[in-house]
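See structure below.
Bear in mind that the values here come from a model prediction, so they are computed numbers and not experimental data.
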Amino acid sequence: MPLAGAPDGAADQIGSPAQRARGMAMKLRRSRGRDPLGLRRVLSDRLLPALVAAMALLAALTLAGARGAADLVARWEGGAATALTVQLPHGARTDRPLAALAALPEIAEARLADPARLAALLRPWLGEAPALPLPVVIELRLARLPADATALGARIAAAVPGAVVEAHGVWVARLLALARSLEAVALAALLLVAGIATAVVAVAVRAGIAARREAIAILHALGATDGDIAGRFAQRVALLVGLGALAGTLVAAPVLAGFADLAAPLLGGPAAVAPAGPPWWDLPWHSLPWAELALLPPAAALIGWLTAQVTLRRWLRRLP
């Protein structure tokens with residue numbers, strides 16, 4: 001029982017060290033709404049969130065770049081890479097060539113190209129009524145990517161004498177290699193941003209430790225556990241980092257929507273047109289990687305929490 005007239009805190013000085021440790025830990029846990037370590041003054045709510053917001057913006061752009069490269073790879077692999085065109089002289093019969101092409105095991109579909117669509121494609125160069133006779137074009141859809149596009153072209157030419165085969169495999173293969181390289185670079189950049197964010201948080205935590213070294217040492221000597229002290233730092237850092245990442249993600253969303261609007265023709269979407277309402281009204285918001293963007297703030301908060309825990313616990317182990 002505490003002594004009558006004892007000053008505040010005297011009860012914590014009486015009893016065994018284990019009792020004092022439990023009492024100090026309970027006080028720290030009960031003071032969740034307060035700031036016994038003065039972390040609101042030490043860990044600024046401006047600089048750290050601003051730095052994290054900038055890195056979250058870079059991370060969002062990197063995620064969108066990786067997603068766009070993956071979409072391009074999927075589109076080209078299932079589209080242009082498996083498409084061939086066969087040209088026949090003007091006025092040539094097409095029933096036998098279509099039957100011969102459909103009989104090849106590599107061909108999934110053989111159909112005549114729409115003359116109206118061909119005329120629309122040639123209109124910018126030949127005008128409305130081209131004087132030159134247009135060849136007959138047969139579009140082929142392959143069942144799968146060929147191992148040797150040259151050998152397949154030779155078999156098609158043998159099945160349809162006089163035909164000219166145009167395969168897109170060479171340039172599509174180069175585009176696929178470029179897209180996969182961009183995807184790998186984007187993922188590497190994302191890991192680099194995460195590493196820089198971890199280093200920034202570690203520096204901020206070390207600065208907070210240096211500013212509150214005496215208070216931390218006193219609480220530790222009075223019996224506060226490493227988990228309680230590290231938890232205080234980790235909660236504050238996680239809150240600041242999460243808010244900063246949320247701000248950076250919100251700033252990145254309209255930027256990514258603008259990029260998606262410009263890249264829509266490359267991904268098979270409609271070309272950009274003048275908006276009927278405000279500039280942001282007709283942006284393709286639905287095409288953004290919302291699932292990945294929604295993970296950025298909690299992932300950043302988790303990185304901040306873990307970094308603060310590890311940094312502070314390592315420093316507390318060196319205390320006597």
Side-chain angles (χ1 to χ4, degrees), residues 21 24-25 27-29 31-66 184-252 292-320:
M24 181 59 65
K27 280 191 173 183
L28 279 176
R29 294 191 187 102
S31 60
R32 290 186 182 273
R34 293 176 288 176
D35 188 19
L37 292 175
L39 298 182
R40 291 189 179 92
R41 296 189 302 272
V42 174
L43 297 175
S44 172
D45 57 356
R46 295 181 181 180
L47 180 59
L48 182 59
L51 293 175
V52 174
M55 287 180 287
L57 174 62
L58 294 177
L61 296 177
T62 303
L63 279 174
V185 170
L187 294 177
L190 184 61
L191 293 177
L192 179 61
V193 170
I196 295 175
T198 302
V200 168
V201 172
V203 170
V205 172
R206 290 180 179 275
I209 292 174
R212 307 299 296 168
R213 179 188 300 269
E214 294 183 0
I216 296 172
I218 292 174
L219 289 176
H220 189 269
L222 291 176
T225 64
D226 294 356
D228 292 324
I229 299 175
R232 284 283 175 176
F233 268 85
Q235 290 173 11
R236 177 66 177 171
V237 170
L239 175 63
L240 296 179
V241 171
L243 292 177
L246 178 60
T249 304
L250 293 177
V251 172
E292 291 87 345
L293 294 179
L295 289 176
L296 278 180
L302 179 61
I303 291 175
W305 188 87
L306 291 175
T307 304
Q309 286 276 354
V310 172
T311 303
L312 195 61
R313 285 177 182 270
R314 290 182 60 183
W315 184 81
L316 289 172
R317 288 196 191 101
R318 295 197 292 265
L319 294 180

Of the non-hydrogen atoms in [X] and [Y], which two are nearest, and what is the gap between them?
{"X": "Ala252", "Y": "Ala60", "value": "CB-CB, 3.5 Å"}
{"X": "Met55", "Y": "Val193", "value": "O-CG1, 3.4 Å"}
{"X": "Gln309", "Y": "Ala230", "value": "OE1-CB, 3.4 Å"}
{"X": "Ala245", "Y": "Val52", "value": "N-CG1, 3.7 Å"}
{"X": "Ala301", "Y": "Gly242", "value": "CB-CA, 4.1 Å"}
{"X": "Ala66", "Y": "Leu187", "value": "CB-CD2, 4.3 Å"}

Approximate separation, where rounding is to 0.5 Å, of Leu63 CG and Leu295 CG:
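That separation rounds to 9.0 Å.
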
Here the gap from Leu240 atom CG to Leu48 atom CG, rounded to the nearest 0.5 Å, amounts to 5.5 Å

Tell me, do [X] and [Y] make a side-chain contact under 4.5 Å, heavy atoms counted?
{"X": "Leu192", "Y": "Thr62", "answer": "no"}
{"X": "Leu250", "Y": "Leu246", "answer": "yes"}
{"X": "Ile216", "Y": "Leu316", "answer": "yes"}

Please assess Thr307 against Val241 for the test side-chain contact (heavy atoms from CB on, under 4.5 Å), listing each intermediate value before the final yes or no.
CA-CA 11 Å; Thr307 304; Val241 171; over 6 Å; no

Working note: Val205 + Val237, criterion side-chain contact (heavy atoms from CB on, under 4.5 Å); need CA distance, chi angles, decisive distance, verdict.
CA-CA 8 Å; Val205 172; Val237 170; 3.8 Å; yes

Audit row: Ile229, Leu312, side-chain contact (heavy atoms from CB on, under 4.5 Å) steps and yes/no
CA-CA 8 Å; Ile229 299 175; Leu312 195 61; 3.8 Å; yes

